Amino acid sequence: MEDTEPLRYHPADIEQRWQQRWLDDGTYEIDNDDPRESRFVLSMYPYPSGPAHIGHVRNYTFGDLLVRYNTMQGRGVLSPIGFDSFGLPAENAAIKSGEHPRPFTDGKIEELSSSLRRIGAVYDTRRTIKSHDPAYMKWNQVFFQKFYEAGLIYRTEAPVNWCPGCHTVLANEQVVDGLCERSDDPVEKRNLEQWFCRITAYAQELLDDLDDLEWPDRVKLMQRNWIGRSEGAEFGLPIAAADGTARSDVEPLMVYTTRPDTSFGMTFAVMSPEHPRVDELTTDDQRPLVEAFRQEVANRSEIDRLSTSGEITKRGIATGSHVVNPFTGKPIPVFLADYVLITYGTGAIMAVPGQDQRDWDFAAAYDLPIVRTVAPPDDFDGEAFTGDGPAINSEWLDGLEVTEAKAKAIDWLVDQGIGEHKINFRLRDWLFARQRFWGCPIPMVYCQNECGIVAVPEDQLPIVAPDDVEFRASGENPLLHHEKFLNTTCPNCDGPAKRETDTMDTFVDSSWYFLRFCDPWNTDEPFDRAAAEKFMPVDQYIGGIEHAILHLMYARFFTKALADLGYTPKDLREPFERLFTQGMVRMGGSKMSKSKGNTVAPEDFINDHGADSLRLAILQAKPPAEDVDFEDFQLEGCERFLNRVWRLAATDPELIKNIRSGATTATDNEIDAAAHRLIDRVTGEYERWAYNTAVAGFMEFTNTLYKYVQSDEGANDETLSFAVDTLLRLMAPAVPHISAELWAMRHDDEHIHELTWPTADPAKLVVSEVTMIVQINGKLRDRIDVAAEITESDAEAMAMASPKVQAQLDGATPKKVIVRAPNLVNIVA
RNA sequence: GCCCGGGUGGCGGAAUGGCAGACGCGGCGGAUUCAAAAUCCGCUGCCCGAAAGGGCGUGUGGGUUCGACUCCCACCCCGGGCACCA
C-alpha cells in the first residue's frame with residue numbers, strides 16, 4: 001500500500017503536531033520585557049462569524065507569513081489575535097432562537113479560532129481579547145466618560161440616520177447611497193437626541209497626518225475625500241427692506257462659499273428647506289407654497305433627495321423675501337432648494353450662476369439674471385465656467401486671477417465686519433450610540449431629580465447588560481423593558497434615576513483594541529503606558545479595503561484622543577504606521593458571502609490536502625493587493641509541488657540515486673550560487689509583498705534541483721544538502737508545517753522557525769559569465785555568452801562578428817552602436 | 001461628472017527603459033506500467049515554412065528614445081471610490 005510508504009507527504013499527520021508544538025513551546029509568545037527589537041504585526045480584528053472562510057484564510061496567511069519571517073529575522077514579534085464579538089448578527093440570531101447572544105458568540109469564536117489554528121496561523125494566545133469580555137468593556141466605558149468630561153462626547157438633538165430594519169441609528173459612514181450598509185434598508189432622517197463623538201475636533205490633524213503614513217494612496221485619498229476640507233469665506237447677507245435697502249435691525253443671513261471672488265455675480269440666495277429661519281424669511285403670500293414644498297421634501301426619502309434627476313423647478317421655491325448682496329448693494333431674491341444641505345456650512349448659500357452649473361440651471365428655470373465674474377477662454381462654449389481666469393464685472397476685483405481675487409474679497413469682508421475666512425469639513429461628528437442590546441452599554445444615568453445626565457462612578461464599572469432579557473421580533477432593545485436594569489439611583493443625589501439603554505457603536509471596540517494587546521492583563525488601567533510605548537504604533541497592519549474609511553478613521557481618532565488624554569505618549573499620533581490592504585476573494589466574479597451561498601469551506605480542503613497546499617495556492621495565485629477569484633487558485637499544482645519538495649528533502653531513493661562526495665564540480669558551484677541567488681531574491685520579495693513571485697522562485701529552484709539530482713554526473717552531497725536546506729528555510733514562513741517537518745527529519749528534531757534567516761554570500765552573487773543580447777534597431781538578433789567584465793569595445797567587436805548580425809546587415813555599415821556591456825549591444829543600421 | 005486602479009498567450013500571472021510571456025494551470029508527446037492512477041522527462045504566443053529561418057505580437061492611435069508592456073499625450077473598455085459639500 002502506498003499509504004504506508006514512509007517517504008510520502010501526509011499533511012494531516014504532521015500539521016496538527018506542529019500546531020501543538022508552536023503552542024506548547026510558546027514559540028510566538030512575547031513578553032513585555034523581551035529584549036529583541038520589537039515588531040507589531042496585526043491583522044484586522046475579525047468579527048467571529050464561525051469557521052474561517054477563504055477570505056479570512058488569505059488575510060491570515062499573509063499576516064502569518066510576516067510574523068514568521070520577522071521572527072526568523074531575529075525580531076520580537078507581537079502577534080496577537082482578538083475577536084470583535086459585539087454586533088448585530090449575534091443579536092439577530094438571538095431574536096430568532098431566543099438564546100442569549102453570549103453563548104452563541106462564544107461558540108463562533110471557538111470555531112474561528114480553531115480554523116485559524118488549522119491554517120497554521122500563530123499568535124501569542126495569552127493575549128487574546130474579546131469585545132464582549134467585561135474586562136474589556138470596562139475600559140470602553142471609562143473612555144466614554146473621559147471623552148464626555150473632555151467634551152469629546154456630547155448629547156444633542158440632531159437629524160440622524162435611522163435604519164428601520166436594524167432598528168437603530170447609524171453613523172454617516174454606515175449609510176451607502178441612502179441605504180443601510182448592513183441591511184440595505186432605505187435610511188430615514190429623524191430628529192433624535194443622541195450621543196455624538198466630536199471627531200471633527202481632529203479633522204485637520206486627521207487630514208494632515210495622512211501625509212506621513214505608509215498606506216496605499218487609494219486609502220489615503222478616500223480618507224481625504226471623506227474629511228473633505230474646503231476653504232472659503234463665511235459672511236452675512238443683510239435682510240432687505242421693502243425698498244431694497246439693507247435692514248440693520250435683524251441678523252443677516254449667513255452663507256458659506258469657497259468662491260468669495262465671484263460674489264459680484266451672486267444674483268440670488270438659497271436656503272435649505274430645514275433652515276431655522278425659513279418661517280421668518282417667508283412672505284405671507286408665498287407661505288402656503290413654501291409650506292407645501294417643505295412638507296414634500298420632508299416626505300421624500302433620502303435616496304430620492306440624493307438623486308440628481310428630476311425637474312429643477314420641482315426642487316426649489318421662492319420665499320418671497322430678499323437679501324442684499326453686500327458687494328453690489330442690490331437686493332436679490334431668497335429661494336429654498338432641496339439641494340442645499342442643512343448639515344453643511346451654514347445651511348444657506350450665495351448662488352452665482354455664472355460660475356456654478358447647478359446655480360445656472362436654477363437661474364435658467366426661474367428666469368434669474370446671470371452675471372459672469374470670471375472671463376472664460378475665447379473658445380469656451382459651455383454654460384457656467386468653473387475654471388480659472390481674470391475677474392470681470394466685479395469692480396475692484398476686475399483683472400485679478402482667482403486666487404488673488406479670493407484673498408482680496410475676504411479682506412474686504414473682514415474690513416466691513418460682515419464676514420471672515422472659514423475652513424469647512426465634510427466630516428461630521430460620529431454618532432456614537434446604537435439602540436441595540438448586543439453592544440457595550442453606555443455608562444450614564446438620567447437623574448429623575450435635578451442632576452440631569454450623570455456618569456456611573458468608575459468603581460461601579462463595567463456595566464454589563466443582564467442575561468434575563470426577552471428579545472423582541474421588532475429588534476427593539478430588550479433593555480427598555482427590563483425594569484431592574486432600567487431603574488437605578490442617581491450617583492449624585494441618590495434619587496431615582498433611569499439607566500441609559502443605548503449601547504456603543506461596535507466600531508468603538510475596534511478603535512483601541514490594538515492598545516489593549518500591548519498589555520491585556522492589566523486590571524488597573526486599560527493598558528500600561530510603557531507597554532504601549534514599546535509596541536506602538538503597529539508596524540504592519542493588514543486588512544480589507546472595506547475598512548478604508550470607517551474603522552481606520554475611528555481608530556486614528558481614538559489614538560489621537562487617548563494621547564491627548566494622557567493614556568499614551570503625547571507623540572503617538574497614529575496607530576498604524578504601515579497598512580496593507582489585501583484584495584478580496586471572489587467566486588465567479590462576485591464577492592463571496594454566506595447569503596449568496598458561494599462560499600468554499602477551507603476546512604474541507606485542509607482535511608483532504610493540508611493547510612500548506614492551501615496557503616501556497618493563496619500566495620501563488622495573485623499579488624496580495626489584488627482581488628482573486630477562487631477558481632484561480634491552483635490547488636493541485638501547489639500540492640504537487642509540495643510533494644516534489646518532500647521527495648527531494650526526504651531523500652527519496654527513487655529520485656536521488658547518484659550522490660557524490662568530495663571536490664565540487666562546476667555544476668555543483670552553479671547550484672550553490674543559485675541557492676545564494678534564491679536567498680537574495682526571496683528576501684527581497686518577502687519585503688515587498690511579492691509572494692506570488694517568491695513561490696515561483698521556490699518552484700524554479702526545485703525544478704533545477706530535480707535536474708541536478710537526476711543528471712548523469714549526480715549531485716554532490718554537501719552542495720545538495722545546502723541547497724535543500726536553503727529552500728526549506730526560505731519556505732518556512734510560507735508553508736510552515738512541511739518546512740518544519742522536513743527540517744526536523746533532516747536535522748535531528750531541530751525547529752526551523754527558531755533558526756535565523758539565511759543571508760546570501762555576496763561573493764556568490766557575482767556572476768562571471770552573462771548572456772549578452774545583440775539587437776539590430778532594437779530587435780533581438782543574437783545571444784552571445786561573454787565574460788561579465790567584458791570591455792565595451794570587446795563587446796561591440798563580438799557583436800559585429802556574429803554571423804547572424806553579418807547576415808542581417810548584409811554589408812551595410814551601422815550608423816551607430818549602443819553598448820551596455822556586458823548585457824547588451826544595439827546596432828543602429 | 002470628478003478622482004483612483006487596471007487592460008500582456010487558452011487561463012492566473014512574470015518582466016520598475018534593454019531577451020515579452022518567468023512560475024503555475026490547461027493541452028500535446030514520450031518514459032514507466034499487464035493496464036490505469038501517481039510519478040519522471042520534453043514541447044506548448046500567433047502566422048509563413050519540411051527545416052533553417054523569417055514576419056507579427058503587451059486595449060487603440062500618436063509621441064519621446066539607439067531601444068517602450070514600462071515614460072508622455074489623446075481615446076476606448078473594465079473595476080473601484082466620491083458624488084447636489086456651495
Side-chain angles (χ1 to χ4, degrees), chain A residues 2 8 176-177 216-226 228-230 232 234 255-259 262 269-270 272 305-308 315 337-341 343-352 355-359 361-362 424-428 545 548-549 584 589 616-617 620-623 625-629 631-638 640-641 643-644 647 652 654-655 688 690 692-703 706-707 710 771-783 804 807-808 814-820 823-829:
Chain A
E2 282 172 347
R8 274 299 175 95
V176 178
D177 292 335
D217 287 342
R218 190 161 59 124
V219 177
K220 293 208 238 183
L221 191 75
M222 283 164 75
Q223 292 224 345
R224 283 194 189 101
N225 288 341
W226 191 261
R229 182 186 194 272
S230 76
E234 189 172 303
V255 293
Y256 172 73
T257 180
T258 54
R259 294 296 301 273
T262 65
V270 189
S272 161
R305 195 166 162 181
L306 281 173
S307 105
T308 39
R315 305 192 63 195
D338 66 351
Y339 68 78
V340 176
L341 308 176
T343 45
Y344 187 76
T346 62
I349 61 161
M350 68 173 208
V352 186
Q355 265 70 235
D356 183 299
Q357 188 59 45
R358 203 180 30 199
D359 293 345
D361 295 340
F362 199 88
N424 255 320
F425 293 95
R426 212 188 69 116
L427 182 72
R428 301 295 143 71
I545 187 79
I549 294 172
M584 282 184 302
L616 195 71
Q620 187 219 25
K622 269 209 171 187
E626 287 175 34
D627 287 354
V628 58
D629 215 292
E631 286 131 42
D632 295 331
F633 288 154
Q634 319 216 315
L635 294 157
E636 310 82 4
C638 288
R640 198 175 300 164
F641 166 75
N643 272 300
R644 278 165 72 84
R647 283 193 295 275
D652 180 350
E654 286 297 307
L655 176 68
R688 61 186 175 91
N692 53 334
T693 53
V695 173
F698 302 149
M699 290 176 170
E700 271 172 59
F701 190 60
T702 302
N703 292 344
Y706 262 63
K707 288 199 186 75
Q710 293 177 101
T771 301
M772 180 174 80
I773 59 168
V774 182
Q775 299 176 329
I776 295 177
N777 295 330
K779 278 200 195 324
L780 176 77
R781 292 302 174 191
D782 202 2
R783 298 184 174 92
K804 287 178 184 167
Q808 280 286 328
K815 291 195 189 93
K816 196 172 171 185
V817 180
I818 310 283
V819 184
R820 294 282 179 274
N823 296 312
L824 172 135
V825 173
N826 186 18
I827 298 159
V828 187

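Letters A, B, ... mirror the listed sequences (proteins, then strands); counts begin at 1. Note that this is a predicted model, so its numbers are computed, not measured.
Atoms NZ (A:K622) and P (B:C11) sit 13 Å apart, rounded to a whole Å. Distance A:D627 CG to B:G7 P: 14 Å, rounded to the nearest Å. Between A:M584 atom CE and B:G79 atom P the separation is 13 Å, expressed in whole Å. The distance between atom CE of A:M222 and atom P of B:G81, rounded to the nearest whole Å, is 7 Å. A:L427 places its CG atom 12 Å from the P atom of B:A83, with the value rounded to the nearest Å. Atom P of nucleotide B:A83 and atom CG of A:L341 are separated by 11 Å, given to the nearest angstrom. Across the protein-nucleic acid pair, A:F641 atom CZ and B:A38 atom P stand 19 Å apart, rounded to whole Å. We find that CG of A:D782 is positioned 15 Å from C1' of B:G54, with the value rounded to whole Å.
Within the 4.0 angstrom heavy-atom criterion, only backbone atoms of the sugar-phosphate kind lie near A:Q710; the bases stay farther away. Among the heavy atoms of the strands lying under 4.0 Å from A:K707 are primed sugar atoms or P, OP1, OP2 only; no base atom is included. Residue A:R428 is in base contact, counting any heavy-atom pair closer than 4.0 Å across all strands shown. Contacts of A:F698 with the nucleic acid, taken as non-hydrogen atoms under 4.0 Å apart, are absent.
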Could you give me the CA-CA distance, side-chain angles and deciding distance for A:N777 and A:V828, then say whether side chain to side chain contact (heavy atoms under 4.5 Å, CB included) is met? CA-CA 5 Å; A:N777 295 330; A:V828 187; 3.9 Å; yes
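Nearest-nucleotide mapping onto RNA chain B: of A:E626 and A:D359, the residue sitting toward the 5' end is A:E626. Of the two residues near RNA chain B, A:D632 and A:F425, the one whose nearest nucleotide lies more 5' is A:D632.
Across all non-hydrogen atoms, the minimal contact from A:I349 to A:V255 is C-CG1, 3.6 Å. In terms of heavy atoms, A:Y344 sits closest to A:F425 at CE1-O, 3.5 Å. The nearest pair of heavy atoms linking A:D359 to A:V352 is OD2-N, 2.9 Å. The two residues A:Q620 and A:N692 have their closest heavy-atom pair at O-CB, 3.4 Å.
Considering only residues two or more places apart in sequence or on other chains, A:F633 meets the ring-ring contact (aromatic ring centres under 6.0 Å, His included) condition with A:F630. Every side-chain contact (heavy atoms from CB on, under 4.5 Å) that A:R640 has, sequence neighbours left out, goes to A:E636. Legend: residues meeting side chain to side chain donor-acceptor pair (under 3.5 Å) with A:Y256, ordered by chain and number and at least two apart, are A:S230. With sequence neighbours excluded, the residues satisfying side-chain contact (heavy atoms from CB on, under 4.5 Å) with A:R781 are A:I776, A:K779, A:Q808. Taking the side-chain contact (heavy atoms from CB on, under 4.5 Å) definition, one finds that A:L655 meets it with A:R647, A:L648, A:D652, A:Y706, A:V709, A:Q710, sequence neighbours left out. Under the side chain to side chain donor-acceptor pair (under 3.5 Å) criterion, A:N703 pairs with A:R644, not counting sequence neighbours. In this structure A:N424 satisfies the side chain to side chain donor-acceptor pair (under 3.5 Å) test with no other residue, sequence neighbours excluded. A:D632 meets the side chain to side chain donor-acceptor pair (under 3.5 Å) test with no other residue; sequence neighbours excluded.
Distance check on atom P: B:G7 versus B:A14 gives 9 Å, rounded to whole Å. B:G9 sits 27 Å from B:C4 when the P atoms are compared, rounded to a whole Å. The C1' atoms of B:C77 and B:G26 are separated by 27 Å, rounded to the nearest whole Å. B:C3 and B:G12: their P atoms are spaced 30 Å apart (whole Å). Atom name C1', nucleotides B:A68 and B:C19: the rounded distance is 14 Å, in whole Å. The same atom, C1', is picked in B:G21 and in B:U58; the two are 9 Å apart, to the nearest Å. As rounded to the nearest Å, B:G18 and B:C69 have P atoms that lie 10 Å from one another. For the P atoms, the distance linking B:G54 with B:A31 amounts to 33 Å, nearest Å.
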Between protein and nucleic acid, restricted to nucleotides 1-6 of chain B and to nitrogen or oxygen atoms under 3.5 Å apart, what atom pairs and distances do you find?
none

For nucleotides 30-35 of chain B, print each protein N/O atom paired with a nucleotide N/O atom at under 3.5 Å, atom names and distance only.
none

Sort me out a list of protein N/O and nucleotides 47-53 of chain B N/O pairs below 3.5 Å, or just none if empty.
none

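The side chain of A:Y706 has B:C41 as its nearest neighbour among B:C85, B:C66, B:C41. The side chain of A:R426 lies closest to B:C82 when the candidates are B:C82, B:U39, B:G12.
As the counterpart of B:G18, B:C66 is assigned, both hydrogen-bonding distances of the Watson-Crick or G-U wobble pattern falling under 3.5 Å. In a base pair of the Watson-Crick type (N1 to N3 plus N6-O4 or O6-N4) or a G-U wobble (N1-O2 and O6-N3), with each distance short of 3.5 Å, B:G1 is matched with B:C82. Of the nucleotides present, B:G27 is the one that pairs with B:C43 by Watson-Crick or G-U wobble criteria, both distances under 3.5 Å. In this structure, B:U32 makes no Watson-Crick or G-U wobble pair, since no nucleotide meets both defining distances under 3.5 angstrom.
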Can you build the contact string for nucleotides 18-29 of chain B? Use B for base contact, S for sugar-phosphate-only contact, and - for no protein heavy atom under 4.0 Å. BB--BSBSS---
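Contact annotation: A:Y344 reaches the phosphate of B:A86 (side-chain N/O to OP1 or OP2, under 4.0 Å). For B:C66, one of the phosphate oxygens OP1 or OP2 lies less than 4.0 angstrom from a side-chain nitrogen or oxygen of A:K816. In this structure, A:R229 does not reach the B:C85 phosphate: none of its side-chain N or O atoms is under 4.0 Å from OP1 or OP2.
Other residues, nucleotides and ligands contribute over 12 non-hydrogen atoms within 6.0 Å of the CZ atom of A:R426.
Side chains of A:M350 and A:T262 form a contact here, defined as non-hydrogen atoms less than 4.5 Å apart. Using a 4.5 Å heavy-atom threshold, the side chains of A:T346 and A:E234 count as touching.
Checked against A:K220 for a side chain to side chain contact (heavy atoms under 4.5 Å, CB included), the options A:Q223, A:M222, A:R224 give a single hit: A:R224.
Taking 90° from 0 as the syn/anti boundary, the base of B:G9 is oriented syn.
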